[in-house]
Amino acid sequence: MEFFRRAQGQPANLGILPGTFNPPTRAHFALVRAATPYIDEALFVVPRAFPHKRYEGAGFEDRVKMLETAAALLADLPYSIGSTAGGLFIDIARECREAYGAQSRLLFLCGRDAAERAVAWDYGRPGAFAEMLNEFELLVFPRQGAYKPPAELRHRIQVHPLDASCDGISSTKVRERVIRGGRWEHLVPGAIAGLVRQVYGRAAST
């Protein structure tokens, strides 16, 4: 794992938020704040490669810069920002384990869509994801609908509420509104509004 910022200390409960962050939105940070009672440190992960999509819109460096700027507002929670070579939860978990050691509990923070995608992903053999959950756990914060984990996985998947005001927020919506000239500034942390305008305005003109 490559760190761009690393918090001091050794967390007992590490909250891992992987994402495309294309761009980071208020919903990303609402999710982290909702997880605060359950974690000692938040780790934002920008994978070098994604299992389900390509790099489009902002480049890797732009995404890290936007994340660094936005995450600086998390003054009340230790946080780190890093990058992994792989984008599947198991790839990220194993790079985290190498970086943080055996004593940290690994808790992936995700929304309903990411949880459903991870559980249903074709890993090549039956039961593979259940085995992966021996190495990490999921904290799911559903948006736009409830999430009910499969019965056989409930001992490793917790479901917690998220502010309903986040339901209509997405990175896709931000990008589309920047390109079309709609109002988008309320969807991202104020600290990165200028960066978002610069990055996606530039992408729209190329």
Side-chain angles (χ1 to χ4, degrees), residues 13-39 41-47 49-58 63 66-67 70-71 74 77 79 81 84 86-93 96 105-124 126-177 184 186-189:
N13 299 291
L14 178 66
I16 307 164
L17 180 61
T20 61
F21 301 109
N22 186 27
T25 69
R26 284 182 47 239
H28 290 123
F29 292 92
L31 193 157
V32 170
R33 291 189 182 95
T36 299
Y38 315 104
I39 63 176
E41 176 183 329
L43 171 62
F44 297 87
V45 175
V46 188
F50 303 115
H52 60 294
K53 59 181 68 177
R54 298 179 298 173
Y55 261 95
E56 295 177 340
R63 299 183 196 203
M66 289 187 287
L67 195 51
L74 289 173
L77 176 68
Y79 72 92
I81 299 172
T84 54
L88 292 175
F89 282 1
I90 189 62
D91 300 327
I92 296 169
C96 287
R105 182 183 177 200
L106 305 183
L107 301 163
F108 278 85
L109 314 179
C110 59
R112 175 183 54 82
D113 53 347
E116 290 174 344
R117 185 167 56 244
V119 171
W121 193 266
D122 182 5
Y123 297 99
F129 189 69
E131 292 178 13
M132 293 176 192
L133 286 177
N134 292 323
E135 301 187 41
F136 59 84
E137 300 169 60
L138 299 187
L139 296 188
V140 183
F141 299 83
R143 295 192 304 154
Q144 299 175 328
Y147 177 71
K148 186 176 182 180
E152 68 275 15
L153 304 179
R154 286 179 192 165
H155 64 297
R156 301 291 285 179
I157 300 177
Q158 301 177 39
V159 181
H160 299 284
L162 184 65
D163 189 337
S165 66
C166 295
D167 281 1
I169 300 176
S170 71
S171 296
T172 299
K173 184 176 290 187
V174 174
R175 296 195 305 272
E176 290 175 347
R177 291 189 178 188
W184 55 268
H186 62 294
L187 303 176
V188 303

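Since we're looking at a predicted model, the values are computed, not measured.
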Rounded to the nearest 0.5 Å, how far does CG of Asp113 lie from CD of Glu116?
7.5 Å
Against Ile39, only a single residue in Leu17, Leu14, Leu77 fulfils side chain to side chain contact (heavy atoms under 4.5 Å, CB included); can you say which?
Leu77
Closest approach of Val45 to Phe21 (non-hydrogen atoms, all atoms of both residues)
O-CE1, 3.4 Å
Donor-acceptor contact present, side-chain Glu137 to main-chain Ile157, <3.5 Å:
no
Side chain of Arg143, backbone of Arg112: donor and acceptor closer than 3.5 Å?
no
Of all the heavy-atom pairs spanning Cys96 and Leu43, show the shortest one and how long it is.
SG-CD2, 3.5 Å
Would you compute the distance between atom CG of Leu153 and atom CG of Leu138 and round it to the nearest 0.5 angstrom?
8.5 Å
Do you know which of His155, Arg154, His160 makes side chain to side chain donor-acceptor pair (under 3.5 Å) with Gln158?
His160
For the pair Phe29 and Phe44, name the ring-plane relationship: parallel under 30°, tilted 30 to 60°, perpendicular over 60°.
tilted
Taking every heavy atom of Gly86 against every heavy atom of Ile92, the minimum-distance pair comes out as O-CG1, 3.6 Å
Between Tyr38 and Asn13 (side chain of the first, backbone of the second, donor and acceptor by atom type, cut-off under 3.5 Å), is there such a pair?
no
Please assess Leu74 against Arg33 for the test side chain to side chain contact (heavy atoms under 4.5 Å, CB included), listing each intermediate value before the final yes or no.
CA-CA 9 Å; Leu74 289 173; Arg33 291 189 182 95; 4.0 Å; yes
Test side chain to side chain contact (heavy atoms under 4.5 Å, CB included) on Tyr147 and Val119; report intermediate values, then the result.
CA-CA 12 Å; Tyr147 177 71; Val119 171; 3.7 Å; yes
Atom of Phe50, atom of Gly19 and distance for their closest heavy-atom approach
CE2-O, 3.8 Å
To check you understand the geometry: which heavy-atom pair defines the closest contact between Phe89 and Cys110, and what is its length?
CZ-CB, 4.5 Å
Taking Arg26 for the side chain and Val188 for the main chain, is one N or O donor matched with an acceptor at less than 3.5 Å?
no
Spacing of Leu88 atom CG and Trp121 atom CH2 [to the nearest 0.5 Å]:
6.5 Å
Below 4.5 Å, heavy atoms only, C-beta onward: do Pro24 and Arg63 meet side chain to side chain?
no
Smallest heavy-atom separation, Gly111 atom then Leu31 atom, equals N-CD1, 4.1 Å
Would a distance-only check, ignoring hydrogens and angles, find a side-chain to backbone donor-acceptor pair under 3.5 Å from Asn22 to Glu56?
yes
Show the numbers, then the answer: is there a side chain to side chain contact (heavy atoms under 4.5 Å, CB included) between Val174 and Thr25?
CA-CA 8 Å; Val174 174; Thr25 69; 4.3 Å; yes
Check whether any side-chain heavy atom of Val140 lies under 4.5 Å from a side-chain heavy atom of Pro149, and answer yes or no.
no
Rounded to the nearest 0.5 Å, what separation is found between the OG1 atom of Thr36 and the CG atom of Leu109?
9.0 Å
Side chain to side chain contact (heavy atoms under 4.5 Å, CB included) evaluation trace for Phe136 with Arg156:
CA-CA 8 Å; Phe136 59 84; Arg156 301 291 285 179; 5.6 Å; no
Taking atom CG of Leu187 and atom OG of Ser171, what is their separation to the nearest 0.5 Å?
9.5 Å
Can you check whether Ile90 reaches Glu135 side chain to side chain, under 4.5 Å on heavy atoms?
yes
Do the non-hydrogen side-chain atoms of Met132 and Tyr123 ever get within less than 4.5 Å of each other?
yes
Pairwise distance CZ(Phe141) to SG(Cys166) - rounded to 0.5 angstrom
11.5 Å
